[in-house]
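Here's the structure, in structure tokens; my notes come after.
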Amino acid sequence: MKILVIEDDTVISELICMNLEAAGYETDAVFDGTAAEKMLLGSTCSDIALALVDVMLPGKDGFALMENLQAAQIPVIYLTARDDVISKVHGLKSGAEDYIVKPFEVLELLVRIDKVLQRTGRGREKLKIRDVMIDLKEHRVTKGGIPVKLKPMEYELLVMLAGSKNVAFSREELLNRLWGVDYVGETRTVDVHIGQLRKKLDFYDVIRTISKTGYRLED
């Protein structure tokens with residue numbers, strides 16, 4: 001699945017692409033609005049599932065590119081330093097699926113990308129880690145073709161880790177996102193569920209413990 005990154009800052013572009021590729025996406029980077037418009041008017045964008053677009057671009061700005069992106073039927077997330085309300089409203093009313101202000105957390109970006117892809121019917125239907133297949137549509141997990149019975153929160157935890165491969169999650173992040181900010185339990189709950197996933201899937205060397213942080217799934 002390919003994501004188009006339209007960002008004129010090469011450092012930020014490389015950072016975004018690196019993290020997207022680590023999470024299992026393909027990327028295509030463009031550094032100015034004119035080049036992006038030329039690409040969108042051509043036939044090389046048919047396999048793009050989503051575009052991350054900066055607003056302040058040389059040539060043609062991100063807002064002006066929306067018409068081209070919509071014509072190509074590519075969902076848009078604006079990723080920009082423009083944090084004023086007028087810009088946010090303009091971006092969303094023009095057709096963007098989301099509007100994220102820089103600086104941003106990589107984890108938040110990945111989660112929002114996943115949400116937009118799911119909402120627009122472009123989400124990944126299956127995730128594969130070694131001999132484990134996660135069928136997101138059927139909510140089913142198999143290992144070597146044999147079904148593995150997971151509890152609901154074990155499944156949700158696995159999907160979150162597998163959907164953002166090579167990204168480190170803190171215990172607090174996992175607890176808040178999966179159990180909710182109002183959950184009164186301890187982070188030990190996360191450790192217990194990680195332990196069950198490792199045991200049931202033989203993922204002892206796949207789900208890594210990150211010292212003083214939390215966990216990361218490595219394929």
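Heavy-atom basis, side chains included; hydrogens, waters and symmetry copies ignored. In this text, all values refer to a predicted model and were calculated from it rather than measured experimentally. Along the sequence shown, residues are numbered consecutively beginning with 1.
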Study note, to complete from the structure: The side chain to side chain donor-acceptor pair (under 3.5 Å) partner of Glu154 among His193, Lys200, Lys149 is Lys200
Check your understanding: In Å, rounded to the nearest 0.5 Å, how long is the span from CG of Leu161 to CZ of Phe203?
Key -> 10.0 Å
Check your understanding: What's the spacing between Ile3 CD1 and Asp28 CG if we round to 0.5 Å?
Key -> 11.5 Å
Going only through I, L, V, M, F, W and Y residues with side-chain contacts under 4.5 Å, is there a path from [X] to [Y]?
X: Val106; Y: Ile12; result: yes
X: Tyr204; Y: Leu157; result: no
X: Val101; Y: Val53; result: yes

Contact check, side chains of [X] and [Y], non-hydrogen atoms, under 4.5 Å:
X: Ile146; Y: Val148; result: no
X: Glu26; Y: Asp47; result: no
X: Val30; Y: Leu4; result: yes
X: Thr80; Y: Phe63; result: no

Please give me the minimum heavy-atom distance between [X] and [Y], naming the atom from each residue.
X: Lys143; Y: Val132; value: CG-CG2, 4.0 Å
X: Leu158; Y: Leu197; value: N-CD1, 3.9 Å
X: Met133; Y: Lys128; value: CE-CD, 3.7 Å
X: Met66; Y: Tyr78; value: CE-OH, 3.5 Å
X: Asp8; Y: Met56; value: OD1-O, 3.6 Å

Check your understanding: Does Glu108 pair with Arg112 as a salt bridge, N-O distance under 4.0 Å?
Key -> yes
Review point. Are Asp205 and Arg130 close enough for a salt bridge, meaning some N to O gap below 4.0 Å?
Key: yes
Check your understanding: After noting the C-alpha distance and the side-chain angles of Met153 and Thr189, does the key distance pass the side chain to side chain contact (heavy atoms under 4.5 Å, CB included) rule?
Key -> CA-CA 10 Å; Met153 292 311 297; Thr189 300; over 6 Å; no
Any sub-3.5 Å donor-acceptor pair from [X]'s side-chain atoms to [Y]'s backbone N or O?
X: Glu7; Y: Leu52; value: no
X: Asp54; Y: Leu57; value: no
X: Asn166; Y: Ala22; value: yes
X: Ser94; Y: His90; value: yes

Exercise for review: Return yes when atom NZ of Lys151 has more than 12 non-hydrogen atoms of other residues, nucleotides or ligands closer than 6.0 Å, and no otherwise.
Suggested key: no
Point to revise | side chain to side chain contact (heavy atoms under 4.5 Å, CB included) partners for Val116, two or more places apart | key: Leu50, Pro75, Ile77, Glu97, Asp98, Arg119, Thr120
Review point. Residues sharing Val85's hydrophobic cluster, by side-chain heavy-atom contacts under 4.5 Å among ILVMFWY, directly or via others?
Key: Val89
